[in-house]
Amino acid sequence: MDKVYKHKDVEEKIYKSWEEKGFFRPEVNPKGKPFSIILPPPNANAPLHFGHAMYVIEDILIRYHRMKGDKTLWLPGADHAGFETQFVFEKKLQGEGKSRFDFDRETLYKMIWDFVSENRPVMEGQLRRLGFSLDWGRKKFTLDPDIVKIVYRTFKKLYDDGLVYRAERLVNYCTYDGTSFSDLEVLYEERKDPLYYIKYGPLVLATTRPETKFGDTAVAVHPDDKRYQKYIDKEIEIETVLGKAKIKVIADDFVDMEFGTGVVKITPAHDFDDNEVASRHNLPLKQVIGFDGKMNEKAGKFEGLYVKQARKAVVEEMQNKGLLEKVDENYTHRIGLCYKCKNPIEPLPLEQWFVKTGELAKPAISAVKKGLPAGRQGKIKIYPKNFEKIYFDFLENIRDWNISRQIVWGIRVPAYKCRNPKSEIRNPKSKNEWFISEIKPEKCEVCGECDFEQDPDTFDTWFSSGQWPFATLQTNKEGDFKTFYPTSVMETGYDILRWWVARMVMLGIYETGKIPFVNILLHGLVNDPLGKKMSKSKGNAVNPLELVDQYGADAVRFALVYGTATGNDQSLSYPKLQSMRNFTNKLWNIGRFLQLQLDSGLFKDIKPAEGKREPEKYKEMVESVDNLSKKVSESLDQYRFHDAANELYEFIWHVFADKYIEELKEPLKDGEIEALAAFIYVWETSLKLLHPFMPFITEELWRKIPEAEGDLIVSKWPSFAKASEGKPL
RNA sequence: GGACGAUUAGCUCAGUUGGUAGAGCGUCGCAUUUACACUGCGAAUGUCGGGGGUUCGAGCCCCUCAUCGUCCACCA
């Protein structure tokens, strides 16, 4: 054996041997009780980033339960990541001087498909490099035909249950990317813009968006505002850049009397707040900006101008006509930006598919809530507990979920529109011109004869990934769903608790009648060494594989759980990685020391019998490692990974290596069999306990112990009966 | 504006139900060709962010303030 541990000689070889022997499959423990985790599917469009290395927590749990004899499944997969992927691909096209508008829908889809197909194996290779014991035979992709079928089934069911509706609603629309975004996806930024004070007949109001005035359907004041009482509920005559007009004055307490003049123009088609005011007062929507970002015919002579140009032109015109009272140039406010291209989001009315979330949220809330009547008690536990509050906040204030996306890359909505203008007469039963079909329909289900067309939109990525636990298990090996659903743990970053986890609970309960998982475990983010969030655009992203090359997978894995409480953020630390690498070297040299004893010739024909493996003479060592087994097991059961890691590190290095081995050196020189037996007992136990954290080196060292049988990955987890003997728990 | 988290040794962070502060790295001293220098032994270092309260006793519980971070909601 070398003096120094060389991870590159070990890792690939060991992983391959595990995979070939089928140890990652639950079938290795056919009689065990089920334990399952579905891997949060990484985006198929890009190599792994550092956050993915946190999957190590799942691997620790999986390996622990596998060794405990559970029928253990860790199911891998990949997410098509609709918009993310299309954006990355668009960038690639840009680099080639092209854009997505150069291709038709089918060609574009095929191109992205090929692009993703190239990336997926890369990503899977990376997961292997980190040692993750995933059952590759069960891997799924969100665009697999059988997954799509399930997504269609759920959509149809929601529709038939009246939980899906189509409505013209304001959406966050990016006229540059040509797509709408959910509220969660919009980025807000502080900007300085002019605030224009415009004369509206007898009133003056302040606005940052004079170009939307053509879409005004009312002017609002606060009901208690003494200045404007006489105008409330009256129509006022106003002079505009397009001539005289009449507009209604309404009272609504959303108006801030202190702001500007205390008068607000209401533009329901282009502002979210105005839209809500409009729905309270039954005001009509008047769209003046098109989806191309240009003013439409309702803007009169400003038609065809882009919003920015129109604003300038309208302001100029108002100035000329004396309609502009003053301009506050130093007004700062927050505006919504497209989180990808950073252009301003334009609220626009668009027909969308929405899911009514109110009824879906209720069981998702009670699934976690404690203190409910018997039978409705929370069955899902969230760790760390403080994230419960975020979960409840989201679900208790949930808004309906817009699940349509105007992009090509994704699961196309299986909704079809009748094109027969008389369809409603022909079929009075149909609520509208749409029908939903899980399979490509032969004929129009509304009128029965027209040349119907499919909705061009695709589903929000979270709509499909929100069904991931049951979708992956229902489309896998026979019986998987029955055996492994609900899964034992859903482990992911806390940043997607609402986007993903809460939605999985809603859709899981809705579709299967059961919770999708029993425990929710959330880990923190990994920041750069200076504590800043890693991101590609900032250039501070670290590729986890580079660190694996440098320090070894085991050291990287251990560094991620050591010294940081579960759920807390951590900063990448090179000194920490180095000391964890040193720890692997310490392990290696313990193994090397044992090898030297075995090679000494003193223990040639000796095979310590079972009874001798826990020698009375070294009772303290045996008890102390048994006590370690107890502590590590308890820590893992409570998801206290940092405690377990700390115990292991302390014991193996500073107790076993520094103390026990020194004490055993002399007896070993004398060829004392009990000393060897004690050494091996403590060593074997230590390797087992450490294996979930550092799988590669422990397996390699295990195979060097002469009487160690089989592979460490499937060896029996140490019991700790002796440790608790005589000691109160 | 709201919520959550953080604030503990020079740095990075632990500290589970309240019982006179811990680790890793770093620093300083000593040892040594030793299974391992990616080593061993030893040492120093903290009014636990500020203030107030509960308690026999608070890093931990309560109130308040400050700074940083994250998420959510967003006033034209």
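Chain identifiers are assigned alphabetically (A, B, ...) following the order of the sequence lines, protein sequences preceding nucleic acid strands; residue numbering begins at 1 within each chain.
Following rounding to the nearest Å, A:Phe394 (CZ) and B:C72 (C1') show an atom-to-atom distance of 11 Å. Atom OH of A:Tyr494 is separated from atom P of B:U70 by 9 Å (rounded to the nearest Å). Rounded to whole Å, atom C1' of B:G24 lies 9 Å from atom NZ of A:Lys576.
Contacts between residues 202-217 of chain A and RNA chain B, defined by a heavy-atom separation under 4.0 Å, are made by A:Ala206, A:Thr207, A:Thr208. Contact check of residues 637-644 of chain A against RNA chain B (heavy atom, cut-off under 4.0 Å) returns A:Arg640, A:His642.
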Between protein and nucleotides 38-40 of chain B, what N or O pairs are separated by less than 3.5 Å?
from: B:C38; atom 1: O4'; to: A:Asn582; atom 2: OD1; distance (Å): 3.0
from: B:C38; atom 1: O2'; to: A:Asn585; atom 2: ND2; distance (Å): 3.2
from: B:C38; atom 1: O2; to: A:Arg581; atom 2: NE; distance (Å): 3.0
from: B:C38; atom 1: O2; to: A:Asn582; atom 2: OD1; distance (Å): 3.2
from: B:U39; atom 1: O3'; to: A:Lys586; atom 2: NZ; distance (Å): 3.3
from: B:G40; atom 1: OP1; to: A:Trp653; atom 2: NE1; distance (Å): 2.1

Distances for protein N/O vs nucleotides 8-11 of chain B N/O pairs under 3.5 angstrom?
none

Distances under 3.5 Å between nitrogen or oxygen atoms of protein and nucleotides 1-6 of chain B:
from: B:C4; atom 1: OP1; to: A:Lys389; atom 2: NZ; distance (Å): 3.1

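Judged as a salt bridge (charged side-chain N to carboxylate O under 4.0 Å, His left out), the pairs with a partner in residues 203-213 of chain A (not counting sequence neighbours) are, in order, A:Arg209-A:Glu211, A:Arg209-A:Glu346, A:Glu211-A:Arg311.
Nearest heavy atoms, A:Phe651 versus A:Ser624: CE1-OG, 2.9 Å.
Salt bridge annotation for A:Arg399-A:Glu276: present, with a cationic side-chain nitrogen under 4.0 angstrom from a carboxylate oxygen. Salt bridge absent: A:Asp193 and A:Arg191 never bring a charged side-chain N and a carboxylate O closer than 4.0 Å.
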Handout entry: Dot-bracket pairing map - RNA chain B, Watson-Crick plus G-U, both contacts under 3.5 Å, | cross-strand
Key = (((((((..((((.....[..)))).(((((.......))))).....(((((..]....))))))))))))....
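Partners of A:Ala644 according to the side chain to side chain contact (heavy atoms under 4.5 Å, CB included) rule, which considers only residues two or more places apart in sequence or in another chain, are A:Val632, A:Ser635, A:Leu636, A:Phe693. Taking A:Lys631 as the reference, A:Glu647 meet the salt bridge (Lys or Arg N to Asp or Glu O under 4.0 Å) condition, with sequence neighbours excluded. For A:His523, the side chain to side chain contact (heavy atoms under 4.5 Å, CB included) partners are A:Met54, A:Ile57, A:Glu491, not counting sequence neighbours. Take A:Glu662 and apply the side chain to side chain contact (heavy atoms under 4.5 Å, CB included) test, not counting sequence neighbours, and it matches A:Lys665. Applying the side chain to side chain contact (heavy atoms under 4.5 Å, CB included) criterion to A:Asp569, with sequence neighbours excluded, gives A:Tyr494, A:Leu525, A:Asn527.
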